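Before any comments, here is the structure.
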Amino acid sequence: MRPSLLRTASQHLRRRRDYSSSAAQPERKVAILGAAGGIGQPLALLMKLNPLVSSLSLYDIAGTPGVAADVSHINTPALVKGFMGDDQLAEALQGADVVIIPAGVPRKPGMTRDDLFKINAGIVKGLCTAIAKHCPNALVNMISNPVNSTVPIAAEVFKKAGTFDEKKLFGVTTLDVVRAKTFYAGKANVPVTGVNVPVVGGHAGITILPLFSQATPASNALSHEDLKALTKRTQDGGTEVVEAKAGKGSATLSMAYAGAVFGDACLKGLNGVPDIVECSFVQSTVTDLPFFASKVRLGRNGVEEVMGLGELSAFEKEGLESLKSELMSSIVKGVMFARES
Ligand code: NAD
Ligand code: LMR
């Protein structure tokens, strides 16, 4: 083995040993805001199953006593408490390490995610104001749409409150990665469990840019037309579900899965597990846009490293250039809303 490789391997082993020999697993509180909703309920179930969670706080404006009673009967260690209405929000948040936000209205057929801005911007602003007050150090996982605007809104709220830490604010784009992996595995005819596909940009239409040129395992069975079709299907994945649900909402079960994957990654990072990498929409200098989704290394303080884009195909380079103006206007819309309201 080359000396540099040997060095890297032994550093890696040491980090693993440091982790495995470290003290008992820390207590972790996770709060879900919007916990009685279509995403909130299955997400509450999945977080109750997560052994890293010791306390699970379920908050909504209605319906949480029932959801909390139900989930609390599952024989896993996490202690579940339900909180309902503004008066109980402070207690729901107190001491939270990770706050996951799926609060807000979902799309109906014919709507864009931006059509949700009018209602969800205010909901997110209110919840983030409470987070700044009651758990300013928590990692915030933003699921509420339009993510391209709700994350900048959250950042502005935290800046105003003097609590903003760019390492702790995440737009959850994991569902795009989940979809890209599934669609790629199907088309390339490879086992889905081993597949990895980074998805960068944002979380709406053409701002969702899957990098199939970096997919692993690589496949030379796919033509340029196949890759174009896979890209389009990933970008339209949310709409595919909205149309199939025909007015009964948008993705909830796959989103709960994706939210649980990302929440688990955040907890592992906080606990010092090495090499935890997920794509997320974060404050970024990877492009000229102030927020951008790319691979992010998670650590004890949240974002440890915002990773670059790597090499892009000509098709992906084109996609990157064409998403920039739409993504920038969604970001600016969020920032202006938070500053002016
Ligand atoms: P839903 O209507 O089923 O549930 C939303 C929940 O939010 C409801 O229980 C509602 O009572 C609650 N809520 C409303 N205002 C609240 C407030 N101020 N505080 C706390 N809770 C509040 O909707 P859903 O299907 O769960 O979707 C929720 C959001 O997630 C939507 O905006 C949707 O577009 C978004 N979403 C994002 C992704 C993603 O990939 N990031 C994927 C799917 C859905
Ligand atoms: C998704 O990607 O499924 C979500 O953003 C919900 C939506 O409105 O498409």
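Read the numbers this way: they start at 1 and go in the same order the structure lists the ligands and their atoms. We number each residue from 1, following the sequence as shown. Just so it is clear, the structure is predicted and the values come from calculations on it, not from any experiment.
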Query raised in the report: Looking only at distance, does Val172 have an N or O less than 3.5 Å from an N or O of ligand 1?
Result: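 Checking ligand 1 against Val172, an N or O pair does fall under 3.5 Å apart.
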May I ask you to identify the nearest protein heavy atom to [atom], giving residue, atom name and distance to one decimal place in Å?
atom: atom 14 (C) of ligand 1; value: Ile61 CD1, 3.8 Å
atom: atom 32 (O) of ligand 1; value: Val105 O, 2.9 Å
atom: atom 12 (C) of ligand 1; value: Asp60 OD1, 3.2 Å
atom: atom 4 (O) of ligand 1; value: Gly37 CA, 3.2 Å
atom: atom 9 (O) of ligand 2; value: Arg107 NH2, 2.7 Å
atom: atom 7 (O) of ligand 1; value: Gly104 N, 3.2 Å
atom: atom 37 (C) of ligand 1; value: Ile143 O, 3.0 Å
atom: atom 44 (C) of ligand 1; value: Ile39 CD1, 3.3 Å
atom: atom 5 (O) of ligand 2; value: His203 NE2, 2.6 Å
atom: atom 34 (O) of ligand 1; value: Asn145 ND2, 2.9 Å

Requested in this report: Could you pull out, from Ile143, Ile39, Asn145, the option with a heavy atom nearest to atom 4 (C) of ligand 2?
Outcome: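 Looking at heavy atoms only, the winner is Asn145.
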**Report entry** Winner among Arg179, Met255, Met111 once heavy atoms are compared against atom 1 (C) of ligand 2
**Finding:**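 The residue whose heavy atom sits nearest atom 1 (C) of ligand 2 is Arg179.
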Within the side chain of [X], is there an N or O that forms a donor-acceptor pair under 3.5 Å with the backbone of [Y]?
X: Glu326; Y: Gly205; result: no
X: Thr76; Y: Leu49; result: no
X: Thr163; Y: Ala132; result: no
X: Ser250; Y: Val242; result: no
X: Ser294; Y: Val200; result: no

Give the numbers and elements of all ligand 1 atoms closer than 4.0 Å to a heavy atom of [X].
X: Thr252; result: 25 (O)
X: Gly38; result: 1 (P), 3 (O), 4 (O), 26 (O)
X: Asn120; result: 32 (O)
X: Ile123; result: 15 (N), 16 (C), 17 (C), 18 (N)
X: Leu116; result: 34 (O)
X: Tyr59; result: 19 (N), 20 (C)
X: Val147; result: 41 (N)

Query raised in the report: Going by the atom numbers of ligand 2, which of them fall below 4.0 Å from some non-hydrogen atom of Ala251?
Result: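 Under 4.0 Å from Ala251, ligand 2 has these atoms: 3 (O).
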Query raised in the report: Considering only heavy atoms of Gly238, which atoms of ligand 2 have at least one such atom less than 4.0 Å away?
Result: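 Ligand 2 atoms under the 4.0 Å threshold to Gly238: 1 (C), 2 (O), 3 (O), 9 (O).
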Query raised in the report: Mind checking whether Leu58 and Met255 sit in one hydrophobic cluster, side chains of I, L, V, M, F, W, Y counted as touching below 4.5 Å?
Result: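 Shared cluster, yes.
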Any non-hydrogen side-chain atom of [X] less than 4.5 Å from a side-chain atom of [Y]?
X: Ser219; Y: Tyr184; result: yes
X: Gln25; Y: Leu52; result: yes
X: Ile131; Y: Leu33; result: yes
X: Ile208; Y: His203; result: yes
X: Asp86; Y: Leu89; result: yes

Take every heavy atom of [X], measure it against each atom of ligand 1, and state whether any distance is under 4.0 Å.
X: Ala251; value: yes
X: Pro102; value: yes
X: Ala36; value: yes

Query raised in the report: Taking everything shown except Tyr257 itself, do over 12 heavy atoms lie less than 6.0 Å from its OH?
Result: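 It does not: Tyr257 OH has 12 such atoms or fewer within range.
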Query raised in the report: When you look for heavy atoms under 4.0 Å from ligand 2, do you find them on the side chain of Lys108, its backbone, both, or neither?
Result: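 None of Lys108 does.
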Report task. Report the part of Leu175 (side chain from C-beta onward, or backbone N, CA, C, O) that has a heavy atom under 4.0 Å from ligand 2; answer both or neither where that applies. Result ->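 Near ligand 2, Leu175 shows its side chain, while the N, CA, C and O stay back.
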Query raised in the report: Looking at the rings of His224 and Phe315, which for Trp means the six-membered one, are their centres under 6.0 Å apart?
Result: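 His224 vs Phe315: aromatic centres under 6.0 Å.
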Report task. Answer yes or no: is there an ion pair linking Asp288 with Lys324, defined by an N-O contact shorter than 4.0 Å? Result ->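 Between Lys324 and Asp288 there is a salt bridge, with a charged N closer than 4.0 Å to a carboxylate O.
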Requested in this report: Would you tell me whether Asn271 and Arg28 have side-chain atoms, one donor and one acceptor, within less than 3.5 Å of each other?
Outcome: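 Their side chains do contain a donor-acceptor pair, which is all the 3.5 Å distance test asks for.
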Report task. Verify the distance criterion only: is there a donor paired with an acceptor across the side chains of Asn120 and Thr150 at less than 3.5 Å? Result ->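 The answer is no; no qualifying pair exists.
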Considering only heavy atoms, does [X] approach ligand 1 within less than 4.0 Å through its side chain, its backbone, both, or neither?
X: Leu127; answer: side chain
X: His203; answer: side chain
X: Ala103; answer: both

Report task. Check step by step if side-chain contact (heavy atoms from CB on, under 4.5 Å) holds for Asn137 and Lys168. Result -> CA-CA 8 Å; Asn137 294 318; Lys168 300 193 168 177; 4.2 Å; yes
Report task. Mind telling me whether Phe281 and Phe291 have parallel, tilted or perpendicular rings, with 30° and 60° as the class edges? Result ->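 Ring orientation, 0 to 90° scale: tilted.
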Query raised in the report: Short N/O distance, under 3.5 Å, between Thr239 and ligand 2?
Result: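 No; the residue has no nitrogen or oxygen that sits under 3.5 Å from a nitrogen or oxygen of the ligand.
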